[in-house]
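Here's the structure we're looking at; comments come further down.
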2 protein chains.
Amino acid sequence: MRELPVQLATKLYGAAELIADQGLDNTKIDDIAEASGVPKATLYYYFTGKEEILAFLLKDLLTAIAGDVAVAVNAEGPASERLAGVVRAQLGVMLRNPAPCRALVGDLGRATRLPELAAALSAAFYEPVEKLLREGAEDGSLRRAEDPMSEAVMIFGTVTIAGLMEAIMGAHREMDAIANGVARLLLDGLAPRTTGAAGA
Amino acid sequence: MRELPVQLATKLYGAAELIADQGLDNTKIDDIAEASGVPKATLYYYFTGKEEILAFLLKDLLTAIAGDVAVAVNAEGPASERLAGVVRAQLGVMLRNPAPCRALVGDLGRATRLPELAAALSAAFYEPVEKLLREGAEDGSLRRAEDPMSEAVMIFGTVTIAGLMEAIMGAHREMDAIANGVARLLLDGLAPRTTGAAGA
DNA sequence: CAGATGTTGTACTTAGAGTACAAACTCATA
DNA sequence: TATGAGTTTGTACTCTAAGTACAACATCTG
């Protein structure tokens, strides 16, 4: 894949909604060309096909998430608070980019099949969160996990599905309300607590 | 879609792995015919196309999950224990049917686009769990949720991603170990508890 | 200005989804 | 056992849309 100009990359987002709505295989390359304003011949100059176009969009999204998540992970404060920050960060990116986010989740299979994307996903999320879980065990703000990696994956699942639901439904709730709900579930769990750990 | 013979339905599962590996659009109808042993002409006699074949497989999976989840929801005991049972039920079906399960998650987009599947998903999971959350608030074994529906969705996400990870990696851990990890995260949360609520 | 590299229109090839249809087969029942 | 309805399947077909080829034009770099 050739290095592609910023202006072109920007235009591609115009097709994200289309792909998210219809799925990649119901979307014709000509439709993508029309929706993005980039001629078909140009698309093929930069990409080998539809799949690669979607992969580009998704990788871009994951990079954005990775950036915001990294900031949250490396912030000040106890790990539990930083974890809440991670949740806010991921949901923030998802709600700001609903179309690519829907496309990503709608095509999770593709994402797991393309090694490049799987790696990006891992770097964007699993690794930082896993690190955070370890730090939480150190500073005492989180319990010690038996299997931090699989907990990190579950956390990703929880946040992603919550974000997706909002993206599909058109985000009728405020971002903070959603993030608080997710953080509360993750930190406090569903069982009642006598001593609350995460505030509302 | 015509009423289809049991024997044929069974054969179709032979193609599930193929679809899960490659994704639906990289799988030729002729490949499905070959892998399942059902001739292409017969496939078109019963289905209008690829999409409908996948939809059938997924609906079947969701029906299986719905059945097991219903049993767990309506069991004896406090809601918190029954919720752990729900987790075990869903993971059980997923680990017993890794291929359709991967195909489902790989094509979540399609699943949300096909109304019939969305309805099946809702009936299979969201509604029973939502009910369970309400009952837990009554019997005191679960805290009262502000928004039971969205919590149900998050729970589904957590369990699904955990199950998917195992399905992709080839289930190296025992089902019970996975289920316990998930249940612990959901019930107890990540923050340390002085008074444990869910056992290991 | 020259050449390299990027951009796009147009015309083409080709894979594979889905259709048409007839022959054969199954099975109930008159 | 003959008749006919529904099922099963092979073969041959159509047609959409993915992807390729290529030439003309644009833009940028030295």
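Chain A is the first sequence line, chain B the second, and so forth, proteins listed ahead of strands; every chain is numbered from 1.
For D/dG19, its base sits under 3.5 Å from the side chain of A/K40 at one donor and acceptor pair at least.
Between D/dT8 and B/Y45, no contact under 4.0 Å exists linking OP1 or OP2 to a side-chain N or O. Phosphate contact (OP1/OP2 of D/dT16, side-chain N/O of A/K28, threshold under 4.0 Å): absent.
Comparing B/K11 and A/G49 against DNA chain D, the residue whose closest nucleotide sits nearer the 5' end is B/K11.
Between A/N26 atom CG and D/dA17 atom C1' the separation is 13 Å, expressed in whole Å. What separates CZ of B/R2 from P of D/dT7 is a distance of 6 Å, to the nearest Å. Computed from coordinates, the A/K50 NZ to D/dT16 C1' distance equals 12 Å when rounded to whole Å. Rounding to whole angstrom units, CG of residue A/L43 and P of D/dA21 are separated by 17 Å. With rounding to whole Å, A/I32 atom CD1 is found 12 Å from D/dA17 atom C1'. Remark: P of D/dG10 and CG of B/D30 are 12 Å apart, rounded to the nearest angstrom. A straight line from CD of A/Q7 to C1' of D/dA26 spans 14 Å, rounded to a whole angstrom. The distance between atom CG of A/D25 and atom P of D/dT16, rounded to the nearest whole Å, is 18 Å.
For A/E130 and A/R134, the salt-bridge test passes: some basic side-chain N is under 4.0 Å from an acidic carboxylate O. Salt bridge A/D25/B/K50: absent, no basic N to carboxylate O contact under 4.0 Å. Look at B/R82 and B/E135 and you find a salt bridge, because one of the NZ, NE, NH1 or NH2 atoms lies within 4.0 Å of a carboxylate O, short of that distance. Ion pairing between a basic and an acidic side chain is recognised when a charged N comes within 4.0 Å of a carboxylate O; A/E146 and B/R184 show such pairing.
The closest donor-acceptor contact from the side chain of A/R88 to the backbone of A/A72 lies at 3.5 Å or more, if one exists at all.
Minimum atom distance to the side chain of B/Y44 is reached by C/dA17, of the listed D/dT8, D/dT9, C/dA17. Taking only side-chain atoms of A/A41, from C-beta outward, the nucleotide of C/dT10, D/dT8, C/dA17 with the closest atom is C/dT10. Distance from the side chain of B/I29 is smallest for C/dA17 among the nucleotides D/dT9, C/dA17, C/dT8. Of the candidate nucleotides D/dG10, D/dT8, C/dT8, D/dT8 has the atom lying nearest to any side-chain atom of B/P5.
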